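Take a look at the structure below.
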Amino acid sequence: MKKVAVIGGGVTGLEAASQLAQMGYTVTVFEKNSAAGGHVSKWDRLFPNRRHSIEVVNELKSYLNGNPAIYLSTAINKVTKKDNRFQLEAYNQVFEADAVLIATGFELFPAERKEEYGYGIYDNVITSAELEGMFKENGYPVKRNGDKPKRLAFIHCVGSRDEKVKRPYCSKVCCVTAVKQAIEVKEAIPEAEIFCLYMDLRMFGPGYEDLYKEAQQKGINFIRGRLSEASELEGSRVLIKTEDTLSSKPLKMSVDMVVLMVGMSPAQGTDELIAALGLQPNKDGFVEITDYHLNPVKTKVDGVFAAGACTGPNNITDSINAARSAAVEIHKYLNNK
Amino acid sequence: MRYHPFTLPFSIGLGFIMLYIIVMWTIWIVRLSRREQKIVWKRLFSFRTISAIWESIREGLLHRNIFKRNVLLGYMHMSLAFGWFMLIVLGNLEARLYPHGVINPPYYPIFFEFFRHDLTPLHEYEEIFTFLMDFFLLMVISGVSLAFFKRFRSRTLGMKRTTRHILIDRIAITALWFIFPLRLFAESVTAGLYNTGHFFTNFIGQWVIYNLPLDYLYYPAWWAYSIALGVFFITMPFSRYMHIPAEILLIFLRKYGVKEKESHSTFTKIELSACSRCGICIDACQLSTSLNISDTQPAYFIRDLRYSQPNERLRETCMMCMRCLEACPVGIEITRIRENERREHPLFSASSYGYINGYKYPKAKVAYFAGCMGHLTPSVIKSTLALFDAANVDYTFIDKNGSICCGRPLQMNGQVEAAKQLIDKNNHLIGESGAEVLVTSCPICAREFATSYHLAIPVLHHSQFLLELTQQKRLNFNQSGLKVTYHDPCELSRGLHITSEPRELLQHAVILSNGSKETESKSLCCGGSLGITNISMAERNKIATDTLNEIVAESSSYLATACPMCRKTFANAQDKIKVLDIAEILEKNLNFAPEKVSEKNQSPIKQQAVIS
Amino acid sequence: MIDFGFAPMEVSVHNMDTADLSLAHWINLHDETFNHCIACGSCAATCTAGQFTNFSFREVCHAIRRGEIKSAIDESEKCMLCGKCTLVCPRNVNTRNIIMLIRKANLTFRP
């Protein structure tokens with residue numbers, strides 16, 4: 001039976017693995033972390049319908065019943081291709097495969113790179129990922145001193161659409177995540193005043209625009225302007241400055257908490273992996289796809305496929321779609337060989 | 001025989017150039033301002049004159065500054081200038097020793113080998129003189145050979161790029177290059193015929209070219225030599241070689257204290273003429289080394305300014321980082337001249353900033369000024385203030401709610417009238433705050449405060465102030481053992497000559513390790529420069545990464561700098577090495593003596609400092 | 001003419017058929033980053049001059065793109081050239097260069 005290696009045990013990797021196993025291939029998933037599920041397992045609830053992310057992750061994990069098999073805490077550090085066969089090495093162990101799927105996902109933008117936003121400097125500047133953690137833990141956000149914040153600002157596009165930090169692309173999911181999180185904060189702390197500082201609200205998916213409208217109905221304030229700099233006030237409040245571009249006036253306000261909507265960056269280590277496979281990153285550092293329309297999982301090297309957020313920012317829906325499309329393409333490839 | 005018509009081209013040229021130099025020197029000196037003339041007269045009979053004479057010999061003849069840069073390049077310049085000078089001096093001496101008397105026509109010593117064979121030999125000195133004359137001729141010839149070689153392989157002489165010359169310079173340089181081979185040829189022919197030379201010319205005359213019809217070549221050779229000299233002298237005032245007389249005058253005037261003013265002056269004209277377009281500034285310029293912009297450097301800018309007007313691109317394409325100033329062997333005040341040239345093109349009027357009138361800074365004892373750029377690096381502010389707190393400094397963060405720009409960016413871009421408004425306002429406000437000392441973490445502001453403001457209080461860069469506190473034992477640090485590369489910001493190192501204070505401070509907490517000689521006064525610019533507007537961010541990032549590649553030692557964990565703009569520029573350009581301000585590094589390694597902590601009144605900032 | 005004490009107001013509509021975009025074209029010719037703006041307002045928010053007066057680099061550029069040359073040129077003089085905007089612009093617009101270009105246009109383009 002032909003073997004497929006899936007590198008990365010996030011939603012994309014798990015979905016593709018299960019589809020390929022059902023097609024009758026022997027599938028092995030390699031996950032560098034100690035648990036499967038990737039970033040999604042760290043989120044609390046998902047947009048647009050606020051389903052608990054644990055449901056999604058658990059269902060995907062339930063397919064791991066021997067085939068597909070998964071190796072946890074296993075980072076592939078070397079890959080070689082010989083006569084259409086791949087040899088993957090991890091900790092001196094060698095695995096063989098007829099096809100490889102890269103599903104290494106993304107990494108969150110390191111928010112401290114936007115120094116003027118004060119992450120890591122001020123107490124109450126957090127990232128959207130940390131807010132998800134707070135939801136998971138308490139069901140509501142908490143300030144450093146343990147209090148509930150009464151006035152929050154969500155800052156869109158942190159590490160997205162920003163050439164200053166070499167992330168010129170849109171991370172796609174942050175707008176809708178911000179709106180989702182704003183609604184959740186409002187529900188958890190009804191008296192909270194919430195502001196979203198956006199440049200464009202890119203609500204591209206089904207139900208996203210509805211979520212935006214729901215946020216408006218719930219009294220979330222939207223300010224069109226990018227944060228320029230933050231400074232700390234007495235009592236660890238944060239003063240933020242932006243331009244209210246709709247009225248062409250500088251705007252400043254003090255808030256209890258600033259949430260930075262961190263974007264998606266290429267995962268560390270993917271560079272070396274794809275270089276070993278003979279691939280190059282695209283200009284943004286993600287895995288280069290050769291046919292964006294008719295075969296969006298195909299790479300330059302035969303037998304190597306890529307799906308999910310390793311090819312660029314993606315939401316879960318698109319990642320699952322890409323995973324299935326990869327399964328079909330791998331099937332076609334292995335049958336024509 | 002003491003005359004031959006072939007000496008005419010030389011004599012005409014010499015007469016012309018001597019007259020020209022006398023006229024130009026007179027015009028320049030007469031046109032100096034009253035005040036300048038007064039100081040020149042006052043200081044003429046002082047030690048300064050001796051010092052100027054020594055500098056003229058050291059730089060004009062021996063070219064010590066170029067030697068320091070590259071030995072071969074130094075030798076090339078030295079052999080041409082000093083060798084030629086010795087030929088003239090020795091030739092004169094030699095000609096005077098003969099019994100026909102000490103008064104000779106000016107061409108006589110120059111062409112002495114031509115006339116000498118008619119004279120009765122002078123046994124006591126002849127041997128030594130013919131030897132020395134051959135020796136120095138060989139030296140000059142070696143210099144010319146190197147100069148010729150430099151055209152093709154300039155890298156061997158330490159120059160990546162050389163100046164592209166205009167027509168008049170090419171004519172002059174060709175004449176100059178021909179002078180010495182032709183002299184050698186003429187003297188060798190003479191030596192071949194009359195055995196008048198020494199080891200060099202006799203050897204060539206009697207062994208190398210003895211087969212040639214020396215009788216026929218004799219006069220043409222001397223004619224050619226004389227013509228080459230004549231052409232060189234005639235072209236000299238209009239070419240780069242005007243630098244020879246201009247530099248001597250420049251050295252003297254500079255020693256007497258004449259310098260560039262707020263706008264172009266007669267002194268500027270002398271400086272412009274003193275530029276030899278040697279091209280050393282081209283390699284010093286990072287626009288050339290990083291961006292391949294190699295046609296706007298001072299060699300070209302000053303040339304165009306000398307002849308007419310540099311165009312807008314030439315005027316504006318400069319980071320004002322002062323690396324060329326540091327590298328210039330003549331010491332021309334290049335950056336000042338460029339700033340003054342920019343001043344001729346005002347774009348902002350004096351009435352631009354009426355809107356700042358209502359602003360005020362709070363009362364202060366020690367006033368801390370973060371500056372515009374400082375507000376983009378909040379952790380620098382936080383660390384600096386934490387250090388002040390730890391040392392119990394009674395400070396006020398005077399521009400906490402916003403700074404009025406210090407005026408330096410406008411000034412660097414020639415917008416002096418506009419800058420003056422900001423300077424006056426800040427000057428007044430800082431005075432009004434009652435501050436006894438002004439501390440800033442921005443070298444750009446520090447330089448402007450120190451040089452363009454008339455503040456009655458000391459202006460300190462935070463590195464100076466923190467060092468003072470450390471020396472007073474008000475701050476203690478733990479040695480972390482980490483290796484750190486320190487980058488000197490342009491405005492701090494070349495602008496204010498502050499290079500030892502940041503290093504001394506850092507050494508309390510980390511071990512310094514530099515991967516390059518381009519430090520202190522030679523430090524490389526980060527590329528963020530406010531002195532230039534017409535390069536793109538991608539180009540700035542290229543300069544920043546090139547600089548980091550050059551200066552960061554492999555073993556370094558951090559890059560330390562002392563300027564918010566450098567820090568930001570380096571951090572934006574790459575993510576390989578973390579860039580920190582000296583204050584951040586020091587704060588991380590702050591050592592609180594326990595009794596000191598309890599003494600302090602507990603402000604929020606202090607508590608955080610204790611925790612970290 | 002009889003002075004009625006009032007006159008027809010200039011229509012407060014951007015008429016893109018008649019707008020004078022010559023300055024916009026000229027600036028873009030000299031610095032293509034002029035058109036890279038995504039109107040995020042970072043420049044205006046961080047602006048040193050903007051703390052004291054109503055000045056927005058974004059707005060100045062926008063006015064030029066709508067043909068309001070005179071007001072834009074007048075506004076541009078409020079800039080202190082401090083360079084903060086250049087350091088924050090997410091699209092790497094060469095803001096100071098554009099200000100200098102607008103100031104130069106003051107000498108040639110002023111209608």
Side-chain angles (χ1 to χ4, degrees), chain B residues 312-313 316 345-359 371-377 399 401-415 418-419 421-422 425 442 444-445 528-541 564-565 567-569 571-572, chain C residues 23 26-38 42-57 60 72-110:
Chain B
E312 188 179 281
R313 179 171 169 273
E316 292 184 355
H345 304 269
L347 297 170
F348 291 76
S349 72
S351 59
S352 300
Y353 310 110
Y355 56 80
I356 49 176
N357 283 335
Y359 199 60
C372 303
M373 294 295 178
H375 282 90
L376 288 178
T377 54
D399 61 336
N401 295 322
S403 5
I404 294 171
C405 175
C406 66
R408 180 111 194 102
L410 281 164
Q411 206 164 351
M412 285 171 118
N413 289 285
Q415 307 304 317
Q421 264 199 296
L422 301 182
K425 181 70 182 174
C442 176
I444 305 165
C445 302
S529 164
L530 292 171
I532 190 165
T533 57
N534 63 4
I535 55 169
S536 71
M537 194 50 74
E539 289 172 318
R540 289 179 188 274
N541 286 343
M565 199 186 62
R567 190 181 165 294
K568 196 98 190 121
T569 309
N572 280 348
Chain C
L23 181 56
W26 182 78
I27 293 174
N28 201 44
L29 198 72
H30 287 84
D31 194 330
E32 56 170 26
T33 66
F34 177 66
N35 278 359
H36 293 180
C37 176
I38 47 174
S42 300
C43 50
T46 201
C47 180
T48 296
Q51 308 165 98
F52 307 107
T53 185
N54 191 9
F55 171 64
S56 160
F57 176 73
V60 166
I73 289 178
D74 287 346
E75 277 292 294
S76 69
E77 202 172 13
K78 293 177 177 173
C79 170
M80 295 182 182
L81 280 184
C82 78
K84 271 181 97 181
C85 48
T86 312
L87 278 186
V88 299
C89 177
R91 278 293 186 94
N92 284 343
V93 174
N94 202 350
T95 51
R96 292 167 80 242
N97 195 38
I98 289 164
I99 285 284
M100 293 290 270
L101 286 169
I102 299 172
R103 294 310 306 155
K104 285 171 196 165
N106 183 32
L107 311 170
T108 48
F109 268 82
R110 224 183 150 85

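The chains referred to below are lettered A, B, ... by the order of the sequence lines, with proteins before strands, and numbering in each begins at 1. This is a predicted model, so every value here is computed, not measured.
Interface remark: B:Asn534 contributes backbone and side-chain atoms alike to the contact with chain C (heavy atom separation under 4.5 Å). Looking at B:Gln421, neither its backbone nor its side chain comes within 4.5 Å of chain C, counting heavy atoms on both sides. Contacts between C:Val88 and chain B at a heavy-atom distance below 4.5 Å involve the side chain alone, from C-beta outward. For chain B, the nearby part of C:Thr46 is the side chain; its heavy atoms alone come within less than 4.5 Å. B:Phe348 touches chain C through backbone and side chain together, each having a heavy atom under 4.5 Å away. Proximity to chain C (any heavy atom under 4.5 Å) is shown, for B:Ser349, by both the backbone and the side chain. For B:Leu410, the parts sitting under 4.5 Å from any heavy atom of chain C are the backbone and the side chain alike. Proximity to chain C (any heavy atom under 4.5 Å) is shown, for B:Asn357, by neither the backbone nor the side chain. If you measure heavy-atom distances from B:Ser352 to chain C, the contacts under 4.5 Å come from both the backbone and the side chain. In this structure, chain C has heavy atoms under 4.5 Å from both the backbone and the side chain of B:Ile404.
Residues B:Met373 and C:Lys84 approach most closely at CE-N, 3.9 Å, considering heavy atoms. Across C:Leu87 and B:Met565, no two heavy atoms sit closer than the pair CD1-CG, 4.1 Å. Summarising the geometry of B:Ile532 relative to C:Arg96, their closest heavy-atom pair is O-NH1, 3.1 Å, with the distance given to 0.1 Å.
Pairs of residues two or more places apart, or lying in two chains, never qualify as salt bridge (Lys or Arg N to Asp or Glu O under 4.0 Å) while including a residue from residues 47-57 of chain C.
Between chain C and the options B:Ser403, B:Gly371, B:Ser351, B:Ser536, heavy-atom pairs under 4.5 Å are most frequent for B:Ser403.
Distance check, rounded to the nearest 0.5 Å: CG of B:Leu347 to SG of C:Cys79 gives 11.5 Å. The distance from the CG atom of C:Asn92 to the CG atom of B:Asn541 is 7.0 Å, given to the nearest 0.5 Å. Rounding to the nearest 0.5 angstrom, the gap separating the CG atom in C:Leu81 from the OG1 atom in B:Thr533 is 8.0 Å. Going from atom CZ of C:Arg103 over to atom CG of B:Asn413 covers 13.5 Å, rounded to the nearest 0.5 Å. Atom CZ of B:Arg408 and atom SG of C:Cys82 lie 14.5 Å apart (nearest 0.5 Å). One finds the CD atom of C:Gln51 at 7.5 Å from the SG atom of B:Cys372 (value rounded to the nearest 0.5 Å).
Taking the six-membered ring where the residue is Trp, C:Phe52 and B:Tyr359 present perpendicular rings, their angle passing 60° and hence far from 30°.
Legend: residues meeting side chain to side chain contact (heavy atoms under 4.5 Å, CB included) with C:Asp31, ordered by chain and number and at least two apart, are C:Thr33, C:Asn94, C:Asn97, C:Ile98, C:Leu101.
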